[in-house]
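Here is how names work: the chains are called A, B, and so on, in the same order as the sequence lines, proteins then strands, and each is numbered from 1. Values in this document were obtained by computation on a predicted structure and should not be read as measured data.
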There are 2 protein chains.
Amino acid sequence: MRDVAKLAGVSHQTVSRVINDHPNVRAETRERVLAAMRSLNYRRNLAARTLATRESGTLGILGFETTLFGPESMLYGIESAARGAGYLVSVATVRELAHRPVLEAVDRLAQHDVDGIIAIAPKPAVANALTHAPAGLTCVAVGGAGSGADPFPTVRVDNATGARLATQHLLDLGHATVHHAAGPPDWPEAQARVDGWRETLYAAGAVVPPITPGWWDAAAGYEQGRRLAADRAVTAIFCANDRIALGVLRALHEAGRRVPDDVSVVGFDDMPDSGYFLPPLTTMHQDFGELGRRALSLLLNHMSQDDGDGPPPSHVLVVPEVVLRSSTAPAR
Amino acid sequence: MRDVAKLAGVSHQTVSRVINDHPNVRAETRERVLAAMRSLNYRRNLAARTLATRESGTLGILGFETTLFGPESMLYGIESAARGAGYLVSVATVRELAHRPVLEAVDRLAQHDVDGIIAIAPKPAVANALTHAPAGLTCVAVGGAGSGADPFPTVRVDNATGARLATQHLLDLGHATVHHAAGPPDWPEAQARVDGWRETLYAAGAVVPPITPGWWDAAAGYEQGRRLAADRAVTAIFCANDRIALGVLRALHEAGRRVPDDVSVVGFDDMPDSGYFLPPLTTMHQDFGELGRRALSLLLNHMSQDDGDGPPPSHVLVVPEVVLRSSTAPAR
DNA sequence: TTCGTGAGTGTTACCGTTCTCAACGTGCTC
DNA sequence: GAGCACGTTGAGAACGGTAACACTCACGAA
């Protein structure tokens with residue numbers, strides 16, 4: 001920077017002003033400085049800037065170390081949006097969604113002076129830990145299913161509504177009731193899907209079948225599918241996600257129950273290849289990339305106005321949509 | 001830091017020495033400093049350290065903005081290993097695997113003073129761009145299929161061998177020949193799989209069926225599957241990855257050709273739920289997390305010895321393994 | 001004419017580390 | 001007992017920017 005200043009015949013401060021688009025610089029001077037910068041191939045040193053301003057131009061993403069489809073695809077949405085806003089993203093993952101590890105991850109990010117954090121927070125432990133983040137560090141939580149009164153902005157999927165839509169779709173097809181292949185009971189998103197499903201059945205005066213605790217993958221879905229396939233009364237199944245649905249489909253197939261002729265199946269997520277399951281899966285579409293972008297814009301919003309207490313945190317709720325394919329059919 | 005020094009009754013320099021585990025500090029002094037640090041809840045400012053040392057404690061990952069399974073799951077392997085080594089990872093993604101965007105992404109990372117870069121480099125454009133990275137910035141490429149003589153370290157999957165194993169497995173089952181549902185022809189990894197497949201057929205004296213250009217997803221697999229299903233001579237198909245295999249399975253099913261009774265199918269990748277396809281997919285297992293860890297350790301290795309020209313770059317080659325499930329059976 | 005005002009620019013301090021080098025014991029060797 | 005190496009410590013200068021403030025003009029109003 002000193003070299004640039006010398007070459008342009010100005011002070012380093014003027015160079016700084018040019019870099020930061022300060023208005024009070026004569027156009028001719030600015031040109032001279034820009035020319036000098038070009039000819040010296042000057043690049044501003046971000047570390048020095050960070051030291052002086054306490055702003056790093058970096059955003060932190062707090063992730064969950066696993067191969068769940070949702071969290072992964074969100075990363076790209078966030079990253080590309082962040083790039084557009086001039087930020088780089090750093091990732092810190094936790095192996096376990098517990099208080100301590102999450103705090104440590106936040107700490108790692110804070111130590112690197114991130115300007116804000118987007119936390120993938122599918123379980124309350126993450127959100128709780130977030131409230132203990134250093135003051136002045138803006139956080140946004142995405143995922144999970146909170147009270148809607150969290151002390152920080154959130155972006156969430158309206159899982160209950162999604163589940164209602166899925167269940168109603170099956171009821172509308174004439175099924176007497178709808179069974180549910182549930183996710184892990186300690187995940188609020190899974191619980192919200194159970195709630196939406198159950199409410200819809202109540203409202204329709206349908207029997208509410210029992211559920212068993214599960215997990216998000218096909219293996220767990222297969223287990224549940226075996227249970228459900230054994231019961232000839234089952235004609236419609238709403239699965240907590242597409243991977244579970246994949247397992248359920250296999251179990252039904254092995255039991256000789258045809259989909260959708262004998263049993264209708266609905267998934268949740270609309271992951272990339274669910275249109276190629278056997279049969280192609282009717283499911284609830286979620287746009288995770290969009291979710292990430294929304295989270296980012298929320299974060300930037302709150303970062304810019306975090307002086308004082310500011311307005312109450314915003315809460316974005318995204319409603320999934322039904323994607324009709326071939327795994328559902330009218331009850332016979 | 002000044003406060004810590006004052007409280008401990010030493011100079012700031014001594015505090016710095018304690019932080020950096022400099023040997024020449026009296027044990028008693030060190031204790032005093034550590035106590036002061038604890039009581040003041042001192043945290044070293046990384047930006048200042050970066051400014052002084054030009055080392056940021058951050059590693060860059062150059063990714064590809066898409067939902068391909070491999071690249072995604074590598075991230076977690078890298079991140080957790082990096083964490084263990086005391087690094088944070090920053091991610092820069094490109095939308096397009098071309099020269100310019102890749103250079104820009106490298107540039108973004110360089111501007112944030114990353115100490116090294118792991119580039120997901122499935123296509124040569126990435127590797128080429130990497131050679132133009134700023135001098136002194138250590139890079140490692142993972143993926144793709146280079147000459148084995150790249151100027152930087154690489155971690156690669158031995159796709160040709162994987163394809164050979166898959167093809168041989170099908171030949172060993174008694175199939176006269178093996179058809180191939182290929183990936184995109186301009187991706188070296190896809191090409192290597194074609195090569196391995198073709199060589200194996202040659203060696204066995206089997207007919208080499210024609211292939212058509214494809215893509216990595218189930219939709220493309222479905223297209224290829226329809227073509228192959230129409231040909232009653234097809235009894236064995238080696239798919240360039242599991243997603244393609246999913247599409248192929250659907251196409252075969254719709255054509256009334258049973259798997260594995262009429263046709264055997266093998267995939268590549270062993271993605272999480274391929275054991276729950278209909279039928280469960282025999283495939284080539286790749287451990288992407290491990291790939292990421294290998295890449296990281298290679299990077300750290302080369303970073304520590306990058307003074308001078310150092311030794312020639314290492315090249316790691318990982319061989320995939322056959323995972324036998326139910327989509328293959330002896331020819332009838 | 002005189003003074004205030006605001007645009008344009010420079011000067012100096014400061015952000016929180018590490019690096020370089022000098023200074024001070026202390027114990028050992030000769 | 002003098003000289004010397006070495007372990008221990010400190011003072012000051014980087015590192016490369018930004019912030020705060022002072023200064024110089026040109027211009028318009030009093």
| request: Nearest-nucleotide wise, let me know which of Arg49(A) and Ala48(B) is further upstream toward the 5' end of DNA chain D. | output: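 It is Ala48(B), whose closest nucleotide lies nearer the 5' terminus.
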| task | State whether the distance check finds a donor on one side and an acceptor on the other, under 3.5 Å, for side chain Arg17(A) versus base dG10(C). | result |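 Flag set: donor-acceptor pair detected.
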| Less than 3.5 Å between a donor and an acceptor, one on the side chain of His12(A) and one on the base of dT9(C), is that the case here? | no
Please check this pair: side chain of [X] against backbone of [Y], looking for a donor-acceptor N/O pair closer than 3.5 Å.
{"X": "Glu189(B)", "Y": "Gly144(B)", "result": "yes"}
{"X": "Thr50(A)", "Y": "Leu46(A)", "result": "yes"}
{"X": "Arg293(A)", "Y": "Ala81(A)", "result": "no"}
{"X": "Thr53(B)", "Y": "Arg49(B)", "result": "yes"}
{"X": "Arg156(A)", "Y": "Leu317(A)", "result": "no"}
{"X": "Asp287(B)", "Y": "Gly289(B)", "result": "yes"}
{"X": "Asp150(A)", "Y": "Phe152(A)", "result": "no"}

Over how many whole Å does the gap from [X] atom [atom1] to [N] atom [atom2] extend?
{"X": "Asn45(B)", "N": "dC14(C)", "atom1": "CG", "atom2": "C1'", "answer": "13 Å"}
{"X": "Leu46(B)", "N": "dC15(C)", "atom1": "CG", "atom2": "P", "answer": "18 Å"}
{"X": "Ile19(B)", "N": "dC19(C)", "atom1": "CD1", "atom2": "P", "answer": "12 Å"}
{"X": "His22(A)", "N": "dG10(C)", "atom1": "NE2", "atom2": "C1'", "answer": "13 Å"}

| request: Work out how much the helix from dT1(C)-dA30(D) to dC30(C)-dG1(D) bends between its end axes, five pairs an end, to the nearest 10 degrees. | output: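 Between the axes fitted at each end of the helix from dT1(C)-dA30(D) to dC30(C)-dG1(D) lies an angle of 50°.
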| message | Measuring to OP1 and OP2 of dT17(C), would you say a side-chain N or O of Arg2(B) lies under 4.0 angstrom away? | response |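 It does not, given that no N or O in the side chain of Arg2(B) lies less than 4.0 Å from OP1 or OP2 of dT17(C).
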| Between Arg54(A) and dG16(C), does any side-chain N or O lie under 4.0 Å from OP1 or OP2? |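 For dG16(C), OP1 or OP2 has a side-chain N or O of Arg54(A) closer than 4.0 Å.
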| message | Taking any heavy-atom pair under 4.0 Å as a contact, classify Val15(A): base, sugar-phosphate, or nothing. | response | nothing
| Hey, is Glu79(B) close enough to Arg108(A) for a salt bridge, meaning N to O under 4.0 Å? | yes
| Salt bridge flag under 4.0 Å for residues Arg100(A) and Asp107(A) |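 No, Arg100(A) and Asp107(A) are not salt-bridged.
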| field | Modelled atom types, side-chain donor and acceptor of Ser90(B) and Ser90(A), under 3.5 Å | value | yes
| request: Indicate whether the side chain of Arg30(A) and that of Thr14(A) have a donor and an acceptor atom separated by less than 3.5 Å. | output: no
| field | Residues in contact with DNA chain D, drawn from residues 24-41 of chain B - heavy-atom cutoff 4.0 Å | value |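 Within residues 24-41 of chain B, the residues near DNA chain D are Asn24(B), Val25(B), Arg26(B), Thr29(B).
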| query | Reading DNA chain D 5' to 3', which nucleotide is the first, and which the last, to come under 4.0 Å of any heavy atom in chain A? | reply | dG16(D) to dA20(D)
